[in-house]
Every structure is written in C-alpha cells, then in structure tokens.
Amino acid sequence: MDAKLKKVFDDFELFSKNFLHITDNDNKVIKFELNDAQREIHELMGTNKFIIIGKARQAGISTFSLGKALWRALTKPNENILIVSYKSDSAKSLFEKLKDMESRLPRDKFPDVFPNKKRDNRDELLFDNGSKIKSIVAGRKDIGRGDTYTWIHLSEFAFFEAQERQLLSVEQALAKGANSQITIETTSNGTGNHYYRMYMQAMKGQSKYVNYFIPFYHKLYTKQFANDYDEAEAWFKAVNKGKRLMKVDLDEVEEKLHEMGATLKQLMWRQWKLADMENEEQFKQEYPSTPLESFIATGNSVFDQNRILERLSFSMNPFNRTEMNNIAELDKIIKPYIGKGLEIFYLPDAKKRYYAGIDTASGSGGDSSTITMYDDEGQEVLTFYNNRIPVYKFAPLINAIGRWYNYAFLTVERNSYGLPLIERLRKECNYANMYKQKMFDQHGKKKLQLGFHTTEISKAVMISDFKEQFEVGLCNIECKETLQQMQTFVEKNGKQKNNKESDHDDLVISSALGIQGMKANKWYV
C-alpha cells in the first residue's frame, strides 16, 4: 500500500469521504462526508473509551456508527464489533445499511486493498483479515456473554429493557485493549430509567462516560433539513402576510434559543413543527435544545416538567445504611427499611415541627404504601415507599417515624386501607396527632373525622395545592422517585392520575396529603 493510500486508510474521515457512500434524504447515493456533530464525536472517541450521546431526531449518529464500524473492520485485523439495537426491525435496517456501504466499496479500482468477505449472513459480516461485525437485538438475555469485543455500540439505549443489567454485561464483554470502546447513542425516554441516571452523572463529571449532546438547532441540520427549512419558511410567510421572522418578533423562549445558537430559519421551522403538535413538551421530547429538555415526558402533565427536571438535577441523595447505623436513637422498627424504600434526607431537629402525608395500600405487591414528611418550612425530610408492607406492619413503622420526628402531624388518607391503619395508630399505638376533617351528617350536625377522605373533588384540590406549593418554591422535593412519579402524573378526561398502568402515583398522593397537613396548621398534641 502506498503512502497516500495508507494515509487515507489511517484516517476515518478521509476513508469515509473517499470510499464510503450513503443514501441522502433525496434518495441519491452520495459520498459519506462527516457532518459537524459526527466529526466532533469522532474526535471525542479519539481520547475517550466510554461515550454517551444524547440527541434530537435524525442526527445521523447511527450512520456514523455504521461507517466507523466498517472502517475499523476493514483497516484493522481481528476487530470484533457489536452493534446492538432495541428492536428487531431497527437491527435489520441498520445492518442492511452497513451491507449497502460495504457493497459500494470501489474494489475494482483498488484490487487487493480491501479484505474480502468470508461470511455474510443476516446479522454478521466476517472478513478474511479476521475482523467481524455483528448486529443483535437487546432482549432480556445478557448482551455479549461468552465473547469479547473491541467496540460495542448501543443504539437507542434508552428504550432497552433491563438497561442497567445489559450495560453491566456489555462492559464485562469489552476487550481490555487501549483502543476498545463503548458508545451509547439514543433519544431520551423520560427519567425513570438507567440511561437518565447515567447521563445526569456524566453531565456532572461523576461517571467514566463522557457525554455529548446534539440539540435541534445544531449546525449539522442546516444541510440535513434544508428542504424542511425552506418549506417552513414558505409556510411562515404565508401565515404572516409575506413577512419572514425577524429578531424583534421573537418571544421570550425564542430569544433564549436564538442566544443559544438557533437561527431565525430554525425558529420558523420550530413554529412549523409546533403547529402539528399537541403541546410544546412534545416538541421538546422530539427536538430538545438541552439534555434536560430531552427528558421531558409528553402528555397533559399536571406538574411543570422543567421545574421537575431542575429538581432532579439538584436533588440530594438520602443517607445510606452505613451512615444511619451510627444514629443511636434510631428505632429498631425503622432500621430494616433503610435502603429498602425508606429514604432519609434530614434527621429530626428538636426545634422543628414535622408534617407527614400517608397513602396506604394492601401490601400485596401492587400499589405502594407511602410516607412523605416535610418540616415546618416545607423541606422534604423523609419518604417511604414499599408495596409489600401490610397494614399491621405499616402502623408501627409510622408510629416509630412519627414519634422520632417530634411527634409529627400525620395526614392519613382515610379511603380503603387507610381506615384500618388509622384505627391501629389510634388504638394500638396511641398516636393522637392526626389530621381531622370536618364532616356533616345527614342531620346537618358537624363532626370531626380522623384522616383525609379523598373524592374526585378533594383530590383535585389537594393536587392543585401541591402543584402550587412545588412550583412557587414553598416546598422542596428531594426524593427522585417522587419527582419521577410527578413527571408521569397527567390529567385525562378531567381526572388526574398516573400516565400508564405501569406508572405509580402513590408518592404524589402522600406528598399532596402532607401539604394538606401543613395547610391545616393544627397541632392537636
């Protein structure tokens, strides 16, 4: 191989430009020239072993990964490359693109330069230099078990099942060489998954993974979305008397995006896309401008999603079991639940009053029994969630926690399993400092009833109160599980509830009940 050809083979960007071809948005076969984001990721991969990439739609990262996989396999002997997709049709589509790239190599112009295919089947390419590229689907089984890979690329990782377990398996399968790598690229899928936690740790510099993010206004889209941008501009002019968007026309959100780098043409395109969407949150999920925006859940969210994401970014971690073992006054009833649903953020302060909301479940493995406790300034100090604790065990746990926190004021939801819980707290634990609700009987006589009776009307009121307290900053939530439940808490057909059957809202309810206790401003003992 002559020096000029060797230089091209040694540089992926030169190799792709000279030897690789892709199909563009107009179905034309063109040379694969790296866009700005692809070039930046390529440079990042030159200095980092573990990379995690968040992105807006259609950023071309999958194409980049296929091209780089082919380059590594063709130019280096004994490469073992694994590409993992989240579903079978994606895996099939990716591998077909890879094979198409390989089939267009100019073997006739450069005979004996490229390794020949030794095996070519639906999910594997093996070359006679010993290099191999394999494509698989991330299922329930561990990825990569029984093999060693020099580069592993995980596509749309946020949609994998059992993400944490799969990643652990992948990392164990990675070769120990200096050039071995793992890259993760994905659009986001809410906050209730391992990818979210990984990305946030990487953003804070607390992970071996280096993060990279592609916003919707990245300059790569100038060429990629050129036709869409022109169509959007024509639409904008049609609905604005022939006028193009000017800087003076920008609203507050658009001004901020413009300062971040979005062009006026991209902002017209944004308005064009928003015209066909239900709300702005849907656009943010599909075409985010920041990593935090990408995690926003779509739907008729009750709580301000941006506020939730801010708290998720800055919320504190609870005390761990080792730290709590040194607390002498910790009741023996409380100890077994630390790290198993019980999260303590602040220890009791003798000068403070505490308010706890309590939602009770059966303990059969479905909904969770939950506790959310605030101090008298609205700071969340403790949460508990467990779907296997029966009422007869839940009552003494509440009693122990309540008495430890200066005989806290308890607001217990009276519905269903809440009633027997109240009776146990009152009769067996002699716990008197509980919320009492004013009720009228059929004769119009007023009476006080222990607990908070939830109806569709009273639930709407308590959720509205909780929303206000949270969004104006009068209460501060630390529990990540609570914040994630708030993210999927929506209003549908006039009812407020969790978004899907698989989502839970028990901590949302106990948080709202705690706020009602604070609002009552009572202290019966």
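Atoms considered below: every heavy atom in the structure, side chains included; atoms not considered: hydrogens, waters and symmetry mates. Remember, predicted model here, so these are calculated numbers, not experimental data.
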- Minimum-distance pair of heavy atoms, taken over all atoms of M203 and N211: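 Closest approach of M203 to N211, heavy atoms only: CG-ND2, 3.7 Å.
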- Nearest 0.5 Å please: distance from the NZ atom of K132 over to the CG atom of N80.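 So the gap between those two atoms works out to 4.5 Å.
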- Query: Is there a donor-acceptor contact under 3.5 Å linking the side chains of E156 and S85?
  - Reply: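 There is no such pair between these side chains.
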- Taking all heavy atoms of L292 and all of S313, pick out the closest pair and write down the distance.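 L292 and S313 have their closest heavy atoms at CD2-OG, 3.2 Å.
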- Item | Nearest heavy-atom neighbours spanning D142 and S169 |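 Of all heavy-atom pairs spanning D142 and S169, the closest is CB-OG, 3.3 Å.
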- Item | Pair K480-N317, side-chain donor/acceptor within less than 3.5 Å |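 A pair is found: one side chain offers a donor N or O, the other an acceptor, under 3.5 Å apart.
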- Item | is_close_aromatic(Y199, Y209), centroid dist under 6.0 Å |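 No, ring centres 6.0 Å or more apart.
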- Item | Identified salt bridge (charged side-chain N to carboxylate O under 4.0 Å, His left out) counterpart of E124 within the set K134, R119, K118 |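 One option only clears the test, and that one is R119.
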- Query: Just checking, is any N or O donor in the side chain of T23 or K28 under 3.5 Å from an acceptor N or O on the other one?
  - Reply: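 No donor-acceptor contact under 3.5 Å links the two side chains.
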- Query: CG/N116 to CG/L74 distance, rounded to the nearest 0.5 angstrom?
  - Reply: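 Answer rounded to 0.5 Å: 10.0 Å.
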- Would you please indicate yes or no on a ring centroid separation below 6.0 angstrom for H21 and F32?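 No: the rings miss the under 6.0 Å criterion.
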- Task: Of all the heavy-atom pairs spanning S294 and Q285, show the shortest one and how long it is.
- Result: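 Between these two residues, the closest heavy atoms are O-CG, 4.2 Å.
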- Query: Above 12 or not: heavy atoms from other molecules or residues under 6.0 Å from OH of Y417?
  - Reply: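 12 or below, so no.
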- Item | Student check: side-chain heavy atoms of I463 and F489 closer than 4.5 Å |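 Side chain of I463 against side chain of F489, heavy atoms only: contact under 4.5 Å found.
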- Would you please say whether a donor-acceptor pair under 3.5 Å links the side chains of N476 and E478?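 On atom types as modelled, these side chains qualify, holding a pair under 3.5 Å.
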- Task: Could you tell me whether the side chains of E254 and Q271 share a donor-acceptor contact shorter than 3.5 Å?
- Result: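 Side-chain D/A pair, E254 to Q271: present.
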- Message: Using the side-chain contact (heavy atoms from CB on, under 4.5 Å) definition, which of the options N35, T263, D36, I214 pairs with Y221?
- Response: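 One option only clears the test, and that one is I214.
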- Is it the case that S155 and E185 place a side-chain donor and acceptor less than 3.5 Å from each other?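 Yes, E185 and S155 have a side-chain donor paired with an acceptor closer than 3.5 Å.
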- Message: Using the ring centroid of each side chain, check whether Y195 and F159 are separated by less than 6.0 Å.
- Response: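 Between Y195 and F159, the centre distance exceeds or equals 6.0 Å.
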- Verify side-chain contact (heavy atoms from CB on, under 4.5 Å) between V84 and H153, making sure each step is shown before the conclusion. CA-CA 6 Å; V84 188; H153 179 74; over 6 Å; no
- Message: For F15 together with F9, are the ring centres under 6.0 Å from each other?
- Response: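 When the ring centroids of F9 and F15 are compared, they turn out to be within the sub-6.0 Å range.
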- Task: Report the distance from atom CD of E481 to atom CG of D506, rounding to the nearest 0.5 Å.
- Result: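 Here the interatomic distance stands at 9.0 Å.
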- Message: I need the minimum non-hydrogen distance between L34 and R39, along with the two atoms involved.
- Response: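 Looks like O-NH2, 2.9 Å.
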- Step through it carefully: locate the ring centre of Y385, locate the ring centre of Y337, and say whether they are under 6.0 Å apart.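 Aromatic pair excluded; centres sit 6.0 Å or further apart.
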- Query: Taking atom types as modelled, is there a side-chain donor on S362 or S364 under 3.5 Å from an acceptor on the other?
  - Reply: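 Judged by distance alone, the side chains do pair up.
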- Item | Over all atoms of both residues, closest heavy-atom pair of A91 and I136 |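 Here A91 and I136 meet closest at CB-O, 4.1 Å.
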- Query: If we ignore angles and hydrogens, is there a donor and acceptor under 3.5 Å between the side chains of K247 and H258?
  - Reply: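 Side chains of K247 and H258: no pair found under 3.5 Å.
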- Going by the side-chain contact (heavy atoms from CB on, under 4.5 Å) test, name the single residue among V302, D304, I308, L507 that passes it with M486.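 Running side-chain contact (heavy atoms from CB on, under 4.5 Å) over V302, D304, I308, L507 with M486 returns exactly one hit, I308.
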- Item | Salt-bridge contact R270-E280 (side-chain N to carboxylate O under 4.0 Å) |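 A salt bridge links R270 with E280.
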- Measure centre to centre between the rings of W269 and F225, then say whether the value is under 6.0 Å.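 Centroid distance W269-F225: below 6.0 Å, so yes.
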- Between Y196 and F295, does the ring centroid distance fall short of 6.0 Å?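 That pair passes the under 6.0 Å test.
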- Task: Assert yes or no for the condition that the ring centre distance of Y287 to F216 is strictly below 6.0 Å.
- Result: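 Here the rings of F216 and Y287 have centres that are no less than 6.0 Å from each other.
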